[in-house]
Number of protein chains: 2
Amino acid sequence: MQKIRAINQYTGIDTRSAIGTVDYPLANMDRAPTIAELCSIFLKDGVALAVTAARKALHEARLSPLDITHVVSTTCTNSANPGFDHYVCKELGVIQPVEKVLLHGIGCSGGLASLRTAANLALGSSFRGRRARVLVVALEISSLLVRSELDSVHDLQQTRIGVTLFSDCASACILSNGIGGEDEEPIYELLGWDHRVLPDTEEDLGFDVDPLGKFTPKSVLNTRTNIFKRMESSPLTPRPKTRLFRRISNIHRSPLHTPKSPSKLQIRSRFRLGAAPRRSYNPLRR
Amino acid sequence: MQKIRAINQYTGIDTRSAIGTVDYPLANMDRAPTIAELCSIFLKDGVALAVTAARKALHEARLSPLDITHVVSTTCTNSANPGFDHYVCKELGVIQPVEKVLLHGIGCSGGLASLRTAANLALGSSFRGRRARVLVVALEISSLLVRSELDSVHDLQQTRIGVTLFSDCASACILSNGIGGEDEEPIYELLGWDHRVLPDTEEDLGFDVDPLGKFTPKSVLNTRTNIFKRMESSPLTPRPKTRLFRRISNIHRSPLHTPKSPSKLQIRSRFRLGAAPRRSYNPLRR
């Protein structure tokens with residue numbers, strides 16, 4: 001625990017977004033919240049956060065919820081069926097049929113994997129000559145796991161650094177295939193995407209469900225360091241200078257951009273959102 | 001509970017596939033298995049089942065694991081990170097980069113949603129002129145939930161019919177976009193896909209994580225009946241005569257089929273697999 005407190009001092013993170021303040025009731029019980037209690041909060045406060053991010057992304061892209069054709073979303077801190085994406089659509093007022101994909105099993109890499117999946121789906125629409133406006137949403141509610149994670153640090157005497165890094169956040173953007181609409185101003189162009197698995201690293205970092213919602217049994221400091229060293233030296237790692245995005249305009253200054261080809265995938269908006277209303281604190285710095 | 005037993009008699013299901021026999025230790029404790037215990041069994045026996053189904057599908061499609069370009073999988077009975085699809089790929093010997101999508105939050109509809117997502121991704125590859133051989137895998141381990149579900153039936157006095165229907169199963173097929181390879185014999189052609197959400201039905205059927213892995217709090221008989229009635233009468237329901245698949249050959253008799261166009265999505269294999277070695281029983285009929 002001393003080591004965790006020391007690491008927390010060195011992260012450079014003074015505040016982290018959270019859906020509740022430090023006196024939030026569920027974070028101050030005589031036990032860690034159960035996975036069912038966490039699910040209930042996620043579907044209430046988490047979904048509200050994701051809906052706010054999605055609305056800001058739609059607004060920035062000058063689109064209405066009725067323009068959405070696909071929703072690609074991700075979370076590793078909830079496992080409800082129907083998934084949280086269903087409730088986000090319902091709150092947004094998406095009543096048309098949309099193809100929904102809720103990515104699971106990819107932990108921290110969910111945001112980039114969602115963009116990659118959205119891009120592939122959008123190109124599938126391009127192949128059929130159809131319009132694609134993909135709402136991409138990532139949502140994680142991690143702050144309520146601090147208690148169980150600290151219990152694990154104490155009980156297992158492991159240096160588990162998740163508790164020093166993660167917070168609550170929703171982010172959203174709209175990815176367009178450029179077909180059927182020329183009135184939007186793209187912000188980024190997606191140039192490519194790539195994907196590698198480093199062999200035999202699955203024990204180094206993970207997140208499994210536990211009755212008390214723990215990160216089990218991984219995200220331990222030494223193995224994490226090893227991951228990064230191995231990533232640097234691995235021939236499997238894509239060369240770092242490969243550009244995956246190109247900023248093609250500043251939305252506040254650019255002239256109207258007309259897409260030239262449906263093969264260009266354009267991000268029409270992006271919005272990253274801490275907990276709303278923003279309540280930020282670092283739970284280990286009180 | 002009497003009502004559940006009566007329904008179980010009328011399902012017409014005499015045996016159900018399960019990874020264990022009725023004396024399986026985890027199903028015979030003084031309490032229901034925890035979600036962490038269920039996860040451990042899923043990643044061991046469940047993954048083994050999925051790998052067997054995937055190998056049979058690859059064999060039927062005359063493909064090697066190195067031919068796979070995408071993996072689309074689904075489960076609602078596990079929430080591990082890395083997801084079970086990672087372990088399936090590892091066991092199969094998939095060492096090339098593959099784009100993986102693990103669908104979550106869609107319960108029983110996961111199988112069809114996986115095919116739809118695989119089809120969209122394959123068309124994305126077609127747009128880029130790239131070969132797609134998508135391994136589609138569905139895996140559910142439901143048998144070990146019987147105990148907690150019966151506890152819920154007793155405690156909540158609800159007519160929860162999941163316990164009378166579900167079993168353990170993995171299924172797999174290969175979906176091809178027909179680019180880059182003419183030596184395979186397609187079995188089905190995927191003609192189309194569609195998707196609807198009936199408004200305000202999310203409370204009728206669901207599956208949320210609980211410390212004891214319960215189906216909470218749904219799949220209740222009366223509301224299920226209402227779903228089907230509403231589906232029949234809803235203008236949102238696709239007309240039942242729309243054909244989504246066409247059987248294009250019998251693999252044992254057909255001449256070699258050469259795909260004419262990459263827009264044709266072909267299912268090169270299909271394999272549905274109960275628990276292996278097959279241990280079938282109906283847990284409510286002893």
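None of the values given here were measured: they were computed from a predicted structure.
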Item to check | Winner by heavy-atom pair count (cut-off under 4.5 Å) against chain A, out of B:His70, B:Gln96, B:Arg116, B:Glu37 | outcome: B:Arg116
Checklist entry - Looking at B:Ser109, B:Ala80, B:Cys39, B:Cys76, which one has more heavy-atom pairs under 4.5 Å with chain A than the rest? => result B:Ala80
Checklist outcome for this item: Those residues at least two apart in sequence (or on a different chain) that pass salt bridge (Lys or Arg N to Asp or Glu O under 4.0 Å) with A:Asp67 are A:Arg131
Checklist entry - Can you find a pair of side-chain heavy atoms, one from B:Thr117 and one from A:Glu99, that are under 4.5 Å apart? => result no
Next on the checklist: I need the B:His104 NE2 to A:Thr75 OG1 distance, nearest 0.5 Å.
Outcome noted: 9.0 Å
Next on the checklist: Need one label for B:Lys90: side chain, backbone, both or neither, based on atoms under 4.5 Å from any heavy atom in chain A.
Outcome noted: side chain
Item to check | Donor-acceptor pair, side chain of A:His195 and main chain of B:Val98, under 3.5 angstrom | outcome: yes
Checklist outcome for this item: Paired with A:Val101, the side chain to side chain contact (heavy atoms under 4.5 Å, CB included) test is passed by just one of B:Leu103, B:Ile106, B:Leu102, namely B:Leu103
Checklist entry - Heavy-atom distance under 4.5 Å between the side chains of A:Arg128 and B:Asn120, does that happen here? => result yes
Next on the checklist: According to side-chain hydrogen bond (donor to acceptor under 3.5 Å, both in side chains), who are the partners of A:Ser79, at least two apart in sequence or on a separate chain?
Outcome noted: B:Ser79
